[in-house]
Amino acid sequence: MARIFGIDLGTTNSLIGVMEQGAPRVIAEPVSGETLLPSVVAIAPDGEVHVGRPAIELEPHLTVEKDGRVSAVGFPGGEYGAVVRSVKRYMGLGGGEVAPEDGNRYAFADLTGPVARFQIGKHVFTPPQISAEILKALKSRAERALGGERVERVVITVPAYFNDGQRQATKDAGRLAGLEVVRLVNEPTAASLAYGLNRSAEGNVAVYDFGGGTFDISILSIKEGIFEVLATNGDTHLGGDDIDNAVVNWLLEELPDQIRTDRHVWNSARMAAEDAKKRLSEAGETELVVELPGHSVRKRLTRGDLETLAAPFVARTIKRCEMALADANLTAGAIDAVVLAGGATRMPLVRRRVAELFRREPLCSLDPEEVVALGAAVQAGVLMGTHGDMLLLDVVALSLGIETMGGVMERIIHRNTTIPTGVTEMFTTAVDNQTHVDVHVLQGERELAKDCRSLARFKLGPIELQPAGVPRIAVTFLIDANGILNVSARDERTGREHSVDVKPSYGLTDEEIERMLEEAIDLGEQDLEQRLLITARNDAEQMLVALRKQLGEYSDLIDAGERGKIEEEAARLEAARTGTDRDLISKLVHELNELTTPFAERIMNFEIKRALEKKSVEDYS
Amino acid sequence: MIQCPSCGARHAPRLICTQCGAPLAAELDCFAALGLDRKLVINPAALERSYHDLSRKIHPDRFANRPATVRAASLSATALVTRAYRTLRDPVARGLYWLELNGEKLGKDNKQVPADLAELVFDVQEQLAELRALSRHNASAAGGLAQKVGARRAELQATWDDSQRALAENFARWDASGASDANRLTAELKMILSKIAYLRTLMRDVDRELENATAA
């Protein structure tokens, strides 16, 4: 049975992990050693897709080379391509739900339909398609790192506060990337799994997950391997990005409007803000520089200033924590452990506020940016059956209901209900000989249907001709372990199953996904294979070049026997590199990497020693 | 009779196949779903233990690699058990469910103020109206009144606690005398549950107003 992998598909960064010898680990990019894949996708004029660092490298200039010409990578006005950041913010949104200010950042093809669509040059991309590119990049990374093992089945994490449409969009992204999404897991719950695996978190546990774009708080009871979520709360539009934006606004406040809203300026300011925020987690003061044509903006920012800018956002998260505690029927003092997840929790202000609220220091032995991916890997282990004593009992964060007379939302599944859960509701006709009953399913906490989010509509029927009120149709609303709704209906009188044609209010239809997959196969399958082959070859080449250099430079550190073995293996890789078998190339890269590890370690030790000696010489002189 | 989707064995409705251990889709009442006798007095720790034990055996995460029919049965069985647990865990939900099992229900039009609460309720509502008016333009006076309302809140809480005790006693009598005294016990159960429902709404209103007053 193929292994299941765990993926954290984040707003800012994405990661992939897997269980190895009973412990989760994050898989690093084989050549660079990076574990975080920036969730940035660049689409070049020719339709070629770049993900992660290469996409970021395209971004500052917002330019791409085309036929020797340099062209602007377009947002509105630009025509050729685009760099999409934070695509997660658009997952599951309808065209009409795109915020007006987003129009300054991206061009949208359709502002009325059930799915937001980015217009990029001549191409149109939906958020699941963009996310699928991130998933494909993670898949390719893991396959290269693991010597050609195929990544086919995955667990993907989502914010606990994601609604049905956002969850469905995430599953669609998986499907578009050619992956079987075995399970969606809520991010804070995943983080608790990572800590709970070795029992470093037990009892009542609060998980504070402040990521790039979303905030979640979950309160769990962890006991004898059962991870039971008691309550969850959050905000899908509150994240570290908001703090960066506040810094950008402060940084650019003295500039005239037309410069401040210029995308190039805004982008370099955003990067300066991001870096400054990171530096201020360690330093007390830092300088931000934004280069403009002609002159540059320089401003000093202290940690105190940053905290003033960030305070309102952090206060909003604390409010959410209090709500979650109330829903869990616990006081802050009853919490036994606090777990931090998400990059924004690196900020000292955030740690202070969290420690104040729960009156204890949060756990931080695991990297907050990796903990969700590690937990996804643990859940993958549970699904593979290798952790039989562990079980996750999560909740649905948003209430589910149906629209009743007068546009009122009648709640049938309350928020914080443990999933899977189901409710059967009885429907009947309002007039004689009515042949269909329309049902409108909603999600949200507001009283009126119009204030809740439409989830789906469906028609029950055809119903046999009968007087009003006689037919009895039992409709079962089942929320599965992924937090996704399934509907079935049965005629109580005849016992016959009714077909239910559910029309999701937002999101892609099955037909659309099929078409996207077919198109991708027509145009892209070979491209993808080709691209993966090229990446594998490049990895091999980089490795061989570096190795040859080391063998020359550090010949004293290796004996003839070891050198012989390495050279033999390198020759095999050299031969495979010109072929088309990418699995073989990946496998050999992996093997050569293992084989040369002791040599690499000796080089490292040698260099450290030399650096120390040099330093002591300097000290004496 | 139901049939196991995994091994084909036939059973009276139950959630786990005795032949192969696979989950089964069945319709059971909340007590049967959790393997409990139909008794209203429930030990919360024991209830949680049966829920956890059962979940370990039937949860969809245990059957991720099995055919769709087995996964569907697991989903339906787990949804049933989860609902049963939530219903029985909360004494009020358990009481309401008991009424349902006995073909009774709390009328939705049951908005009458329970007689022994009338005075308290009247007072509280008057104070709330005053608080609402004050918090708009006289913050300091609102603060003083909020304190008084806070004291009333404690009285409501005490009445609530009494009702919960009365509910527990009613449950114990059901278990002891059962069907022989059903009519009287049903009437009493209904009375206690409507009182609790009434108190719940009132306390929520009080909390909301107090929060608004503090925010202002």
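Every chain is numbered from 1, with letters handed out A, B, ... down the list of sequences. Computed from a predicted structure; not experimentally measured.
Here Ser55(B) is the residue among Ser55(B), Ser76(B), Ser74(B) with the most heavy-atom pairs under 4.5 Å with chain A. The candidate with the highest count of non-hydrogen atom pairs below 4.5 Å against chain B, out of Asp389(A), Leu393(A), Leu478(A), is Leu393(A).
Heavy atoms closer than 4.5 Å to chain B are found in both the backbone and the side chain of Leu383(A). Proximity to chain B involves both the backbone and the side chain of Val382(A), based on heavy atoms less than 4.5 angstrom apart. Both the backbone and the side chain of Thr417(A) come within contact range of chain B, judged by heavy atoms closer than 4.5 Å. Contact annotation for Arg56(B): both backbone and side-chain heavy atoms come within less than 4.5 Å of a heavy atom of chain A. Of the two parts of Glu224(A), the backbone and the side chain both hold a non-hydrogen atom closer than 4.5 Å to a non-hydrogen atom of chain B. In this structure, chain A has heavy atoms under 4.5 Å from both the backbone and the side chain of His52(B). Using a 4.5 Å cut-off between heavy atoms, Tyr85(B) touches chain A through its side chain atoms alone.
The pair Lys190(B)-Glu104(B) counts as a salt bridge, with a side-chain nitrogen and a carboxylate oxygen less than 4.0 angstrom apart. Using a 4.0 Å cut-off between charged side-chain N and carboxylate O, Arg204(B) and Asp207(B) make no salt bridge. Residues Arg472(A) and Asp491(A) are not paired through a salt bridge, judged by the lack of any N-O separation under 4.0 Å between the basic side chain and the carboxylate. Arg89(B) has no carboxylate O lying under 4.0 Å from a charged side-chain N of Glu48(B), or vice versa, which leaves the two without a salt bridge. Under a 4.0 Å N-O distance rule, the pair Arg490(A)/Glu492(A) qualifies as a salt bridge.
A donor-acceptor pair under 3.5 Å is absent between the side-chain atoms of Glu425(A) and the main chain of Thr476(A), judged by distance alone. Arg3(A) contributes no side-chain N or O that, together with a main-chain N or O of Arg150(A), makes up a donor-acceptor pair within less than 3.5 Å.
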